[in-house]
Amino acid sequence: MSKTRINNQKFEVRKMLNRVLKTTSGALMLSVATMANAETVQLNSLDGGMTLTGELIDFDGANYELRTVVGTITVDAFKVECIGEACPSRNEGPVEYGISGSSRLVDVLFADLTTQFGEEIGGTALRSEEEGVDKLLLRNELGEFLAEVSLMGGDSADGIKQLVDGNSALAVTTRPAQPDELASASQAGLGDITTSENEKIFALDGLVVITSQSNQLRAVAEQDLARIFSGAISNWSQIGGPDAPIQLYMRAPESGTALVFNDLIMNPVGATYASDTSFFETDTELAAAVASDPLGIGIISLASADEAKVLAIRGVCGIQVPATPFTIKTEEYPLSRRLYAYTGKTAPAQLNRFMQFLESEKAQETIDASGFVSLGESLQGPNEQGLRYLGAVMPTDAEVTLKQLQEMSAELSGADRSSITFRFAFGSSRLDTRAQDDIRRLASLLAKEETTNKELLLIGYTDSVGAGGSNRSLSQQRAKQVSNALLQAAPTNSLDGLTIRTLGYGEISPLSCNDTENGRRINRRVEVWLRDVVTTSQ
């Protein structure tokens, strides 16, 4: 039975159960006939309000799947007790595991998310400290311990090392796992931690350039950043500021912030940090130092900027791109980055359920509130897409005609752009990790909305490498590929009222002049636009 079918049946059964529960006092017994001679189990809700009997067809450690005459029902394993010979064995007593990685993620964000997860499963998460280690104790509805979670903050490298060494079950990082870390994980028996089952992009962030509020500078050129932090530019007057020396502040070299900044800015031009650069172990320390130094400049997470002034980044063709949730979600802000969660090939059942929770609306709202950027969809109208048209007409090596620009402008008139933007693995036609998750996310969003008289535009773009005509054909193919994946992921018949069009505009790309400096892949993508279809009577 397909997952789409299961999801539809699951939703309908939940509605039926909710209606019954609302109209019945006391305990409810729901007995469902199953296939002849099949082993059955009984699931009792922990609050005693419901009993469900059916054929157990799957258990993944977090959910039971039962086959019934009304379809396959998925039940949260942490909210019920399973009775019957076919019930899978469960570990007795609480499970202990650790969450390791970036301090700001572990000690703040994931502490909050784990607490909310406790509420999600009908229980609680109590925070305590033992021998200097923060712990969260998860309880179910009956007050029984489910798990003891240790919060092991450090940096991204620490997080993956703790996972490899077996001291944690979940590593959260501000950059992707490095080749040597992947090799260590494989040698430790964790398998490939970059598979879709083990690697999850749970949020986004932007590295920002910060100065003191007293600094009059508003923006800094992207191509100047490497020269600034290498010491080639050492006076503020060289970048439009006062005649005074620049004081450099940076996160420790092994931090996720430093590794991402190196990959995007320093390494492509072979730059190394100036000898007088001050390095800090935490974002909090760095932000405080820069905010109090009128001549200081630093690189930090947007979520940690605090009292410091954030500068816009001016791309190689002169367009300033601010760090906003929308530009970070679309990854058009030059220093956007993804936040990762890694597990091994085996993980506690509670942790698997927690990983599912990270995708929930409640978890994503918490991510936004923490200062990081959620994966939730945002929309912008054409009037808010001024950078798109400015970038498209700036002088570049892209093969673009006025007719093509006019055609694109006409198509986008009256449409809203979604922040969901699909990208492809470097040098490949395969959708990257985030795009694969976003396919399911967009399919779910569209399935929940009324799409009759709606038109979805999937618009492909390429870089300027190769012939313009071939690139336009390639961009059309990529848009069609996304359309096929979306239709496959959507619940049956859920998009019947939606018109889907695939378009390709090749090398026309907003901010494309910002893409080529460091080989970024921003313009090798498929954008999502949505608009109302206006019908007129004859």
Side-chain angles (χ1 to χ4, degrees), residues 98-106 109-110 152-207 225-226 229-230 250-273 277 279-283 286 299-301 304 331 334-345 347 355 372 423-428 430 432-437 518-522:
I99 300 177
S100 60
S102 169
S103 290
R104 182 158 178 92
L105 291 177
V106 173
L109 177 58
F110 271 73
M152 307 161 65
D155 57 33
S156 296
D158 292 333
I160 294 181
K161 186 178 186 303
Q162 296 279 19
L163 177 67
V164 170
D165 291 345
N167 297 323
S168 73
L170 175 66
V172 290
T173 68
T174 56
R175 44 78 172 175
Q178 304 297 292
D180 60 326
E181 294 169 333
L182 297 178
S184 297
S186 180
Q187 292 170 5
L190 298 180
D192 181 2
I193 62 173
T194 65
T195 64
S196 58
E197 292 80 16
N198 301 121
E199 178 187 74
K200 179 180 293 295
I201 297 168
F202 63 89
L204 303 166
D205 189 22
L207 297 185
L225 289 175
F229 281 88
S230 66
M250 190 63 199
R251 283 294 309 277
E254 67 275 8
S255 69
T257 296
L259 287 173
V260 172
F261 186 72
N262 290 345
D263 285 344
L264 294 176
I265 300 298
M266 304 295 279
N267 294 343
V269 295
T272 57
Y273 292 100
T277 303
F279 293 96
F280 293 81
E281 292 297 324
T282 69
D283 279 2
L286 191 154
I299 303 296
I300 202 170
S301 163
S304 305
E331 296 182 284
L335 299 186
S336 299
R337 65 174 172 180
R338 300 171 177 187
L339 304 181
Y340 295 81
Y342 291 100
T343 61
K345 60 183 179 182
M355 296 294 281
F372 293 103
R423 291 186 173 80
F424 298 80
F426 186 76
S428 169
R430 177 177 57 84
D432 70 11
T433 302
R434 181 187 171 190
Q436 293 175 41
D437 288 339
N518 295 323
R520 271 185 285 280
R521 52 189 173 77
I522 290 176

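Source: prediction; values computed, not measured.
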Any side-chain to backbone donor/acceptor pair from R251 onto F280? Under 3.5 Å, distance only. yes
Consider only side-chain N and O atoms of N198 and T195, and report whether a donor and an acceptor are under 3.5 Å apart. yes
Closest heavy-atom pair and its distance - S230, M266: N-CE, 4.3 Å
Any donor-acceptor N/O pair, S184 side chain to D180 backbone, under 3.5 Å: yes
With rounding to the nearest 0.5 Å, note down the distance linking CD1 in I299 to OG in S255. 11.5 Å
Identify the heavy atoms of Y273 and A258 that sit nearest to each other, and give their distance. OH-O, 4.2 Å
Measuring from E254:CD to E281:CD, what's the distance to the nearest 0.5 Å? 5.5 Å
Rounded to the nearest 0.5 Å, what's the gap from OH on Y342 to CG on L163? Could you check? 10.5 Å
Donor-acceptor pair, Q178 side chain versus P176 backbone, under 3.5 Å? yes
From T173 OG1 over to D158 CG, what is the distance, rounded to the nearest 0.5 angstrom? 12.0 Å
Evaluate the salt bridge (charged side-chain N to carboxylate O under 4.0 Å, His left out) criterion for residues E181 and R175: first the C-alpha distance (whole Å), next the side-chain angles of each, then the deciding distance (0.1 Å), finally the verdict. CA-CA 12 Å; E181 294 169 333; R175 44 78 172 175; 2.6 Å; yes
Evaluation steps, salt bridge (charged side-chain N to carboxylate O under 4.0 Å, His left out), between D263 and R337: CA-CA 11 Å; D263 285 344; R337 65 174 172 180; over 6 Å; no
Side chain to side chain contact (heavy atoms under 4.5 Å, CB included), that's the test. Do F229 and I265 meet it? Break it down for me. CA-CA 10 Å; F229 281 88; I265 300 298; over 6 Å; no
State whether a side-chain donor-acceptor pair under 3.5 Å links S304 with R104. yes
Atom NZ of K161: over 12 foreign heavy atoms under 6.0 Å: no
Given side chain to side chain contact (heavy atoms under 4.5 Å, CB included), test F110 with L170 step by step and report yes or no. CA-CA 11 Å; F110 271 73; L170 175 66; 4.0 Å; yes
Test side chain to side chain contact (heavy atoms under 4.5 Å, CB included) on V172 and V106; report intermediate values, then the result. CA-CA 7 Å; V172 290; V106 173; 3.4 Å; yes
Could you tell me whether the side chain of D155 and the main chain of A157 form a donor-acceptor pair under 3.5 Å? yes
Which heavy-atom pair separates F279 from P253 by the least distance, and what is that distance? CD2-CD, 4.0 Å
Heavy atoms, side chains only, cut-off 4.5 Å: are T257 and M250 in contact? yes
Member of T433, T174, I193, I201 meeting the side chain to side chain contact (heavy atoms under 4.5 Å, CB included) criterion with Y340: I201
With rounding to the nearest 0.5 angstrom, report the CG to CZ distance, L105 to F202. 5.0 Å
Look at the side chain of S100 and the backbone N and O of M152, then say whether any donor-acceptor pair between them is shorter than 3.5 Å. no
Between S196 and Q436: side-chain donor-acceptor atoms closer than 3.5 Å: no
Report yes or no: does S168 contribute a side-chain atom to a donor-acceptor pair with the main-chain N or O of A171 at less than 3.5 Å? no
For I300 and D283, which heavy atoms make the closest approach, and how far apart are they? CD1-O, 3.2 Å
Could you state the interatomic distance from CG (L225) to CG (L335), rounded to the nearest 0.5 Å? 6.5 Å
